[in-house]
Structures are given as structure tokens and as C-alpha cells.
4 protein chains.
Amino acid sequence: MDLKDRDANANRRIRTAAVLLFAQRGYAATGIRDLARAVGMTNAGVYHHVASKEALLADLMRVAQRGLIDATERMLHGVESPADRLALLISSLTATHALSPMTTRVMDGELRSLTPGSPARDEIIALRDAYEDHWRSAIADGVAAGAFHIADQRLTRLALMSMCTGTSEWYRPDGDSSLEQVCAEFTAIGLAAVRSSVQVVAVPDLSLLPEFPWEPPDVRNDPPIAEAGR
Amino acid sequence: MDLKDRDANANRRIRTAAVLLFAQRGYAATGIRDLARAVGMTNAGVYHHVASKEALLADLMRVAQRGLIDATERMLHGVESPADRLALLISSLTATHALSPMTTRVMDGELRSLTPGSPARDEIIALRDAYEDHWRSAIADGVAAGAFHIADQRLTRLALMSMCTGTSEWYRPDGDSSLEQVCAEFTAIGLAAVRSSVQVVAVPDLSLLPEFPWEPPDVRNDPPIAEAGR
Amino acid sequence: MDLKDRDANANRRIRTAAVLLFAQRGYAATGIRDLARAVGMTNAGVYHHVASKEALLADLMRVAQRGLIDATERMLHGVESPADRLALLISSLTATHALSPMTTRVMDGELRSLTPGSPARDEIIALRDAYEDHWRSAIADGVAAGAFHIADQRLTRLALMSMCTGTSEWYRPDGDSSLEQVCAEFTAIGLAAVRSSVQVVAVPDLSLLPEFPWEPPDVRNDPPIAEAGR
Amino acid sequence: MDLKDRDANANRRIRTAAVLLFAQRGYAATGIRDLARAVGMTNAGVYHHVASKEALLADLMRVAQRGLIDATERMLHGVESPADRLALLISSLTATHALSPMTTRVMDGELRSLTPGSPARDEIIALRDAYEDHWRSAIADGVAAGAFHIADQRLTRLALMSMCTGTSEWYRPDGDSSLEQVCAEFTAIGLAAVRSSVQVVAVPDLSLLPEFPWEPPDVRNDPPIAEAGR
DNA sequence: AATGAATGAGTTTTCATTCAT
DNA sequence: CATGAATGAAAACTCATTCAT
């Protein structure tokens with residue numbers, strides 16, 4: 001028991017430090033030494049608990065994705081109406097990002113750090129796709145049932161999802177509005193976005209926008225890396 | 001002229017490659033050699049046009065921030081009503097991220113890669129703050145004028161801003177909805193979020209949310225790095 | 001010219017040191033730091049001239065094998081009689097090992113250090129097989145022509161070859177007998193071994209031989225690694 | 001007994017694995033972990049039976065050398081004629097290498113892995129020298145008695161010995177010729193080498209031999225490591 | 001007797017950067 | 001202008017070994 005506890009402890013402390021450093025500096029900018037220093041070990045000590053830096057990242061991401069999927073499916077269980085499902089998806093994604101900002105930042109932002117083609121990466125992409133399918137089907141069902149009116153399902157989904165995931169960047173529990181309020185507001189926004197057909201409002205003169213001579217033109221149409229495979 | 005042109009050309013090609021690589025892999029994961037290879041130079045050759053890797057990043061970010069500020073101020077010029085100003089802010093931020101996704105990803109995401117305390121970093125933080133002041137004041141003015149009703153100005157601002165900046169992650173010009181539609185929809189959402197007082201909707205049982213044993217508890221209240229100094 | 005010379009020089013000095021160290025301590029026991037120290041460079045400096053430690057080894061082995069093959073084919077050119085060919089093979093293999101003992105020790109002994117399945121290893125095995133084919137066919141032709149009488153062609157070939165390659169372990173130019181004498185003696189031995197049928201002489205009582213309780217019994221019949229593929 | 005047996009068993013299994021791995025990959029390329037894995041133990045477990053990796057190697061080599069010496073002296077006992085002694089030396093060395101190829105490869109090839117100057121290394125060198133003295137004196141006696149005619153006693157001894165030791169590289173019990181035949185043939189070769197005066201045969205044009213620009217020129221005359229101290 | 005944890009020194013290799021040419 | 005050479009520092013990771021349990 002003692003031994004197991006100590007081991008489990010070391011493992012948890014490493015993961016706590018890893019999630020913090022990966023979230024703050026990014027995976028590539030975090031060295032094993034930083035990690036070791038943060039948990040009061042030597043470089044070599046870390047390798048007693050972790051197969052490799054990348055395996056550690058993959059493990060964090062896998063567990064995080066699975067946790068999100070499991071929680072989502074628990075919450076969606078028995079809920080039929082597309083609007084209710086969408087509301088639940090928004091609330092839970094937002095709240096998860098508010099309550100576990102470090103873990104979710106790593107989960108959302110470090111896919112690119114996993115070796116392309118590696119089994120770990122493929123598995124995590126599959127998990128992410130499985131999660132997104134809940135969004136896809138909620139929206140598609142709403143549209144099919146005539147409850148939602150939207151021009152571009154992919155766009156709507158991605159816009160709403162990035163509104164929710166953005167929460168991990170700015171939410172603080174000691175702010176003026178509670179997590180419940182944030183969830184409520186985001187849910188309201190999401191449902192509004194989905195119910196009303198797009199009203200075309202005057203858009204400002206795009207010629208006034210900044211232009212960057214170096215912006216690579218030919219990649220603009222490529223799928224962003226974050227979406228590889230979708 | 002020839003020389004100057006060639007030089008300018010090399011500079012632009014380097015920046016194009018840099019913005020692309022920094023956006024795709026991240027600054028820390030991009031080596032000078034990757035950059036050099038991408039533009040068909042040697043390592044040493046790159047240093048003819050660039051003082052250092054970090055100076056290159058700082059330069060990209062500075063010009064991007066300045067471009068955004070300048071464009072924003074050009075557009076806001078003469079616009080008085082807080083609602084109109086907010087609409088303009090939303091549209092222009094969204095459109096900029098849609099049209100320059102690589103540049104804006106670097107601008108939004110690589111602040112942490114600049115050495116803390118360096119003049120370059122301080123300058124860029126100042127620029128970002130200057131930009132955000134337009135949002136802050138538009139919202140504050142709207143609230144002061146009784147046009148906006150919001151519980152938490154910071155939260156509202158950050159939520160709307162991250163909705164707009166998220167665009168660079170998923171927007172594609174060949175989608176079903178045009179950039180104008182996206183801007184219009186986002187503007188509508190923003191204005192709705194600001195006009196209505198928050199309706200408290202039923203929020204799902206938070207005990208069902210995923211929990212991660214390693215999520216660092218004590219940092220949750222700290223300002224996320226992305227906000228250092230705000 | 002200057003530059004090219006310096007470069008070629010650095011490359012040659014690295015290879016000289018590498019061949020010496022690999023021959024003396026073995027590839028696995030030689031660090032890049034040892035190599036660097038031996039040529040008065042830093043670790044990193046070596047990597048300017050060499051892709052990796054293993055690539056360096058592969059390069060040495062490849063050039064050595066090719067050199068041996070080319071020389072052998074030059075010498076064998078036009079020689080028809082199996083006995084003459086065998087004599088030439090013995091002389092040239094012996095002399096090469098006497099004159100280039102370091103290079104040949106590496107060539108003969110470090111095959112196992114190349115990553116199994118790597119293209120470099122496969123290529124060098126192919127080269128070695130090509131070389132050995134000259135021995136195989138000389139012996140087989142002699143047997144077919146009735147000039148040679150031997151019980152086991154493979155055994156005879158390998159025994160004679162390891163007699164020749166052993167030279168690199170003990171030959172010294174300042175000994176009492178000249179290289180010509182060594183070659184002459186080895187040639188005489190080889191031809192004698194091949195001409196007479198095996199006379200069965202009394203062999204000592206094998207029960208007196210040492211036995212080692214740890215000698216792995218089940219691998220004894222496996223082809224020795226040095227022979228993989230043959 | 002139980003305990004002693006289990007211990008002896010573990011010891012033997014470790015040595016079996018060690019001899020196999022050291023022979024196949026070389027001492028330097030074999031890790032304690034490889035050893036442990038091969039016998040189904042943990043790293044630390046191995047250290048219960050072995051003082052250190054180097055001590056294990058030294059132990060294997062010591063026992064092997066002693067076994068060879070003991071067997072040789074048993075066989076030589078009472079044999080007077082230099083020719084008979086040489087025949088016995090050849091047969092027994094050959095047969096030992098054929099029957100214990102792994103052990104003998106380690107014995108012959110890993111002297112360089114023992115720390116220079118260490119007592120273990122000195123002891124093993126002394127053992128090897130004691131063994132070689134049997135060869136030295138057999139040859140010297142034969143020459144003194146006028147039975148042998150050779151130009152260079154050292155050369156002859158080393159050439160014959162490396163012919164015998166080479167057996168561990170290629171001998172397989174399932175070949176076309178029996179171990180007895182091999183011993184007989186090698187004995188015949190050895191006696192022939194020693195009886196006949198060297199006939200000067202035509203040696204091929206050495207200018208056709210391969211040359212390697214990196215072959216260290218200044219070490220060519222140094223005693224090969226394998227001979228350190230002789 | 002055996003193990004899991006840990007470590008300091010080591011491994012090969014890459015990094016951003018400089019500089020003589 | 002541009003390059004090949006070189007470097008100190010650091011990267012991720014492995015080494016043989018120790019020790020409390």
C-alpha cells in the first residue's frame with residue numbers, strides 16, 4: 001500500500017506538473033528537466049514513471065478526451081430533443097474548460113505535437129472525432145427536424161465549439177459572473193445562433209482590413225492542422 | 001533597386017515561411033534550419049535578414065498587432081454609437097482572422113514564446129492592450145449609456161473576442177457561408193449577448209463533469225499566461 | 001580549393017580517428033566525444049561532417065568492402081585456373097588485412113553494430129556476399145574440375161578466409177618474415193588444404209575438453225551472427 | 001540445498017544469457033537491462049548474483065581461460081614430441097572453439113573491454129599468456145630439436161592460433177564434415193606449416209591492393225590491442 | 001531474495017548562433 | 001551576400017549502480 005501510494009503519488013505529481021507546464025509554455029518548449037525540477041526529481045527519475053515525453057503527452061490527452069466523452073454521454077443519456085442536446089453540449093464543454101483549464105488547453109492545443117502517423121495520435125484523433133460526432137448529430141438532427149435553420153453546419157459547429165473551448169483561456173472562478181451564468185449565456189447564444197436564419201447585416205469595408213504581405217496565400221484553403229483528417 | 005528588391009524579396013519569403021511554420025508547428029518546435037530549408041537557404045543565410053529567431057517572431061507579432069490596430073482605428077473613425085463600434089470590432093476581428101489565419105494564429109498564440117521582461121514582449125503586450133482598449137471602452141460606454149446590460153464586462157469581452165479569434169482555426173473561404181455571413185452572424189450574436197440581461201437557464205449537473213486528478217488546483221485562479229499583465 | 005581541401009581534410013581526419021577507435025575499442029564502446037577529442041573538435045563539430053555515428057560506420061565499411069572487391073576483381077581478371085584464383089584470393093585478402101589492419105578489423109567485426117534491417121546494413125551484406133562469391137566459385141570450380149578434393153566447401157572456404165583475415169590481428173611489418181613470405185605460406189597452406197583429401201588423423205579424447213555450464217546449447221546450431229544471410 | 005540450488009540456477013542462467021549476449025552484440029552493446037530481461041529478472045535482481053557488469057565479464061573470461069588451460073595441460077600430460085604437442089594444441093583449441101563458440105568468442109574478443117590496469121584484466125592476461133606459453137614452447141622446442149623449420153615463430157604461432165580460434169565463427173555441428181575431420185585437417189595444416197621451409201611462391205602485384213586514405217599510418221607498427229602486453 | 005525507486009554521469013544528437021572566408 | 005565550419009549549451013534519453021523496503 002505504501003509503495004503503491006507513493007508510486008501513484010509520483011505519477012500524479014508528474015502529471016500535474018506536466019499539465020501545468022504544457023499548458024503554460026507549450027509541449028515543445030517544456031523540457032524533461034523542467035518537469036523534473038517541478039516535481040523535485042532528476043531527469044532520470046522521471047523516466048522511471050514515464051516512457052517518454054511524448055507518451056506522457058499522449059496519455060494526458062487520451063485520458064482527457066475519454067473523460068470528456070464519458071461525461072458527455074452520461075449527460076446526454078435519455079435526452080432526445082436536438083435543442084436540449086445542443087444546450088447540454090455547450091454547457092458541459094464550457095464548464096469542463098472552465099473547471100479544468102490546464103488539461104483542456106493541452107487537450108485542445110497539442111495535437112500537433114504528437115508524431116504524425118503514430119498510433120497514439122491516431123487514437124486521440126479518433127476520440128476527438130467521436131466526441132465531435134455528438135455535436136454533428138445534434139446539429140444535423142435539429143436541421144433535419146426543422147428546428148434549426150443554419151447555412152453551414154460545419155461552420156456553426158466549429159464556431160460554437162471554439163466559443164466554449166475559449167473559456168479555458170479567460171475564465172476565472174472569482175469573476176463577477178458565476179460558471180452557471182457563463183454556461184447559461186453561452187447556451188442562449190448557441191440556441192439563438194441555431195434558431196434564427198442568418199440576418200445579413202451591413203459588413204464593414206473589407207478593404208480597410210490589415211493585410212500582411214507574408215501571409216502564405218496558397219495554404220489558406222487547406223484544412224487547418226487542428227482539423228487534419230476531418 | 002535590384003539589390004533592395006532582392007533583399008525585400010528574401011525578407012518576405014522568410015516571413016512567409018516563418019508565419020506558416022510558426023502557425024503549424026509552433027514557434028518552439030520550429031528550428032532555424034526548418035525555416036532555412038523552407039526558403040532554400042542555409043542557416044547562416046537566414047541570419048543575414050533576421051537578427052534572431054525571437055526577433056523574427058517579435059517582428060511578425062508587432063507588425064500584425066499594429067496592422068490590426070491601424071485597421072480598427074480606421075474603421076472606427078467617426079463611429080459613435082457603442083453598438084455600432086462593437087459590431088465593427090466583431091466584424092473586423094473576425095474577418096482579419098479569416099483572411100490572415102496564419103499570421104493571426106501566431107499573433108494570438110505565441111506571446112508566451114517571447115522572453116518575459118524583454119522589451120519586444122512588453123511592446124507587444126502594450127499593443128495588444130491598446131487594441132483591447134477599443135473593446136473595453138466600447139463595452140463600458142454601452143453599459144454607461146444604458147444600451148448594454150451585462151453582468152461581467154471582462155467576461156463578455158473575452159468571450160466575444162475568443163469567438164472572433166477562433167475563426168482562424170476553422171474558417172475556409174470555400175465553405176457554404178461567405179465571410180460576410182460569418183461576420184453578420186457573429187455580430188448578431190455579439191449584440192444579442194450585450195443587449196439582453198443574462199437569462200438564467202437550467203445548467204446541467206456539474207457533478208457529472210469529468211475530473212482530472214492532476215489538474216493543478218492552486219493555479220486555477222491565477223491569470224492564464226495568455227493574459228499576463230492584464 | 002582551400003575550403004575544399006580543409007573539408008576533405010577534416011573528413012579524412014575524422015575517418016582516420018574513427019577507424020582507429022572502432023578497431024581498438026569497438027564501435028559500441030567508442031563515443032562521439034572520443035572521436036571528437038581525437039580530432040580536436042567538439043561533439044557538434046563532428047556532426048557537420050557526419051550524419052550519425054552509424055552512418056559513419058556504414059560509410060567506412062562500404063568503402064572498405066568495395067575497395068576489397070574492386071582490387072580482387074582487378075587481380076582475378078584473366079585468371080582462369082581455380083588453383084591460381086584461390087592463390088590470388090588468399091594472397092590479396094591476407095595482404096589487405098596486413099596493410100590495412102584497422103580498416104579491415106572494422107570491416108570484419110562490426111557488421112553486428114549496424115541496425116538490423118537498415119538499408120546500409122543490407123547493402124554491406126550484399127557487398128560481402130558478392131566478395132565471397134569469388135571464393136565460392138573458385139572452390140566450386142576447382143572441385144568440379146577435379147582439381148580440388150574437399151569434404152565441405154563451406155567449411156574450407158570459411159577456414160581459409162578466417163586464416164587470412166586473422167592477419168590483421170597479429171601482422172607487423174617489422175617482424176622476421178616479410179608480407180611476401182606470409183602470403184606465400186598462406187597460399188601454400190590453402191592449396192595443400194584443397195588438394196589432398198582429408199586424412200583422418202587421431203584426434204585427442206574430446207572428453208578432456210573444457211566444458212562451460214553456461215554455454216547456451218540451443219543456439220549452437222544457429223548461424224553465427226557474422227554469417228546472417230549466408 | 002533448495003536455496004543453494006535456486007541460487008546456483010540463477011547464476012547459471014545469468015551466465016548463459018550473458019555469454020550469449022556478449023558474444024552476439026558485444027559487451028559494450030549489452031546492457032544490464034538486456035541481461036535482466038533475458039533471464040526474467042529486474043536490473044536490481046541481477047546485482048544479487050553479480051558484483052558488476054565488468055566483474056561478470058571477468059568471471060566468464062577467467063573460468064573460460066582456466067578451463068582451456070586445465071584441459072590443455074591434462075591432454076599434454078606425458079606427451080614429449082613437439083609435433084605431437086603441437087597437434088594436440090591445434091586439435092584441442094579447435095574443438096573447444098567448435099563446441100563452446102559463445103564462450104570462446106567472449107574469451108577471445110572482449111579483453112579490450114576490461115579496464116586497463118585492473119587486477120581482473122591483468123589476471124586474465126596472465127592466464128592467456130600461460131596458455132600461449134604451451135604453444136610458444138612446443139614451437140620453440142620443435143625448432144630447437146630441428147624438427148620444425150620456420151622463419152618467424154611468433155608469426156607461425158599466431159597464424160595457427162587464429163586459424164583455430166576462427167572455428168567459433170563458422171563451425172556448425174550439422175555441416176558436411178565432422179569435428180574430427182576439422183581437427184584432423186587443421187592439424188595437418190599446422191604440421192605442414194611447421195615442417196616445410198617456406199617455399200617462396202609468386203605473390204601478386206601489391207600495387208593492385210585496395211588503399212584506404214584514412215588507415216592510420218602511425219599505428220601500423222604498434223602491437224594490436226589484442227596483444228597488449230605480449 | 002528480490003524489487004521499485006532513484007540517481008549522477010553518460011549517451012547521441014540538435015539547437016541557435018557566430019565567424020572567417 | 002552567402003556559405004561552410006564550428007561551437008557551447010541543451011535536448012531527450014540510457015547507463016550501471018545503489019538502497020530502502
Side-chain angles (χ1 to χ4, degrees), chain A residues 1-4 6-7 9-11 28-36 39-56, chain B residues 2-3 6-7 10 27-36 40-56, chain C residues 1-11 28-36 39-56, chain D residues 2-4 6-7 9-10 27-36 40-56:
Chain A
M1 282 303 145
D2 261 3
L3 287 180
K4 270 202 170 174
R6 197 169 42 164
D7 192 18
N9 227 331
N11 259 297
T30 301
I32 285 282
R33 309 171 91 107
D34 301 323
L35 208 55
V39 289
M41 280 183 184
T42 42
N43 304 336
V46 173
Y47 280 94
H48 197 71
H49 302 274
V50 151
S52 75
K53 196 183 144 189
E54 186 164 350
L56 171 58
Chain B
D2 257 4
L3 288 182
R6 195 164 46 160
D7 195 19
Y27 170 83
T30 301
I32 283 280
R33 304 172 102 104
D34 300 323
L35 209 55
M41 281 184 184
T42 45
N43 309 330
V46 173
Y47 280 92
H48 238 270
H49 303 274
V50 151
S52 77
K53 194 183 148 191
E54 185 164 351
L56 170 58
Chain C
M1 282 307 146
D2 260 4
L3 288 180
K4 270 201 170 172
D5 272 10
R6 197 168 44 164
D7 193 18
N9 226 331
N11 258 296
T30 302
I32 285 282
R33 308 170 94 109
D34 302 322
L35 209 55
V39 290
M41 281 183 183
T42 44
N43 304 335
V46 173
Y47 279 92
H48 196 71
H49 301 274
V50 152
S52 75
K53 195 183 144 187
E54 186 165 349
L56 171 58
Chain D
D2 256 5
L3 288 181
K4 269 201 170 173
R6 196 166 44 162
D7 194 18
N9 222 336
Y27 171 83
T30 302
I32 282 281
R33 303 171 102 104
D34 300 323
L35 209 54
M41 282 183 181
T42 46
N43 310 329
V46 172
Y47 279 92
H48 239 271
H49 304 274
V50 152
S52 75
K53 193 183 149 192
E54 186 165 348
L56 171 58

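At whole-Å resolution of the value, OH in Y47(A) and C1' in dA11(F) are 9 Å apart. Taking atom CG of residue L35(A) and atom P of nucleotide dA10(F), one finds them 18 Å apart after rounding to whole Å. One interatomic measurement links the two molecules: CG of N9(C) to C1' of dA6(F), which rounds to 16 Å at whole-angstrom precision. With rounding to whole Å, Y27(B) atom OH is found 11 Å from dC15(E) atom C1'.
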Distances under 3.5 Å between protein N/O atoms and the N/O atoms of nucleotides 8-11 of chain E, please, pair by pair.
none

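Of the candidates dA1(E), dA2(F), dA5(E), dA5(E) carries the atom nearest the H48(A) side chain, counting heavy atoms from C-beta on.
Looking at which nucleotide of DNA chain E each of E54(C) and M41(A) is closest to, the 5′-most match is held by M41(A). Nearest-nucleotide positions on DNA chain F for G40(C) and S52(A) put G40(C) closer to the 5' end.
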Checklist entry - Which dot-bracket string fits DNA chain E when only Watson-Crick or G-U wobble pairs with both atom distances under 3.5 Å count, crossing pairs get [ ], and | stands for a partner on a different strand? => result .||||||||||||||||||||
Extract all donor-acceptor atom pairs below 3.5 Å that involve side chains of residues 28-36 of chain A and protein atoms in other chains or at least two apart in sequence.
unit_1: T30(A); atom_1: OG1; unit_2: L21(A); atom_2: O; d: 3.4
unit_1: T30(A); atom_1: OG1; unit_2: G26(A); atom_2: O; d: 2.7
unit_1: D34(A); atom_1: OD2; unit_2: R25(A); atom_2: NH1; d: 3.3
unit_1: D34(A); atom_1: OD2; unit_2: G31(A); atom_2: N; d: 2.8

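Separation of atoms CE (M41(C)) and NE2 (H48(C)) is listed at 9.0 Å; rounding is to 0.5 Å. Put simply, CG on L56(C) and OH on Y47(C) are 9.5 Å apart, with the number rounded to the nearest 0.5 Å.
Residues Y27(D) and K53(D) share a closest heavy-atom pair of O-NZ, 3.2 Å.
The phosphate of dA6(E) has OP1 or OP2 within less than 4.0 Å of a side-chain N or O from H49(A).
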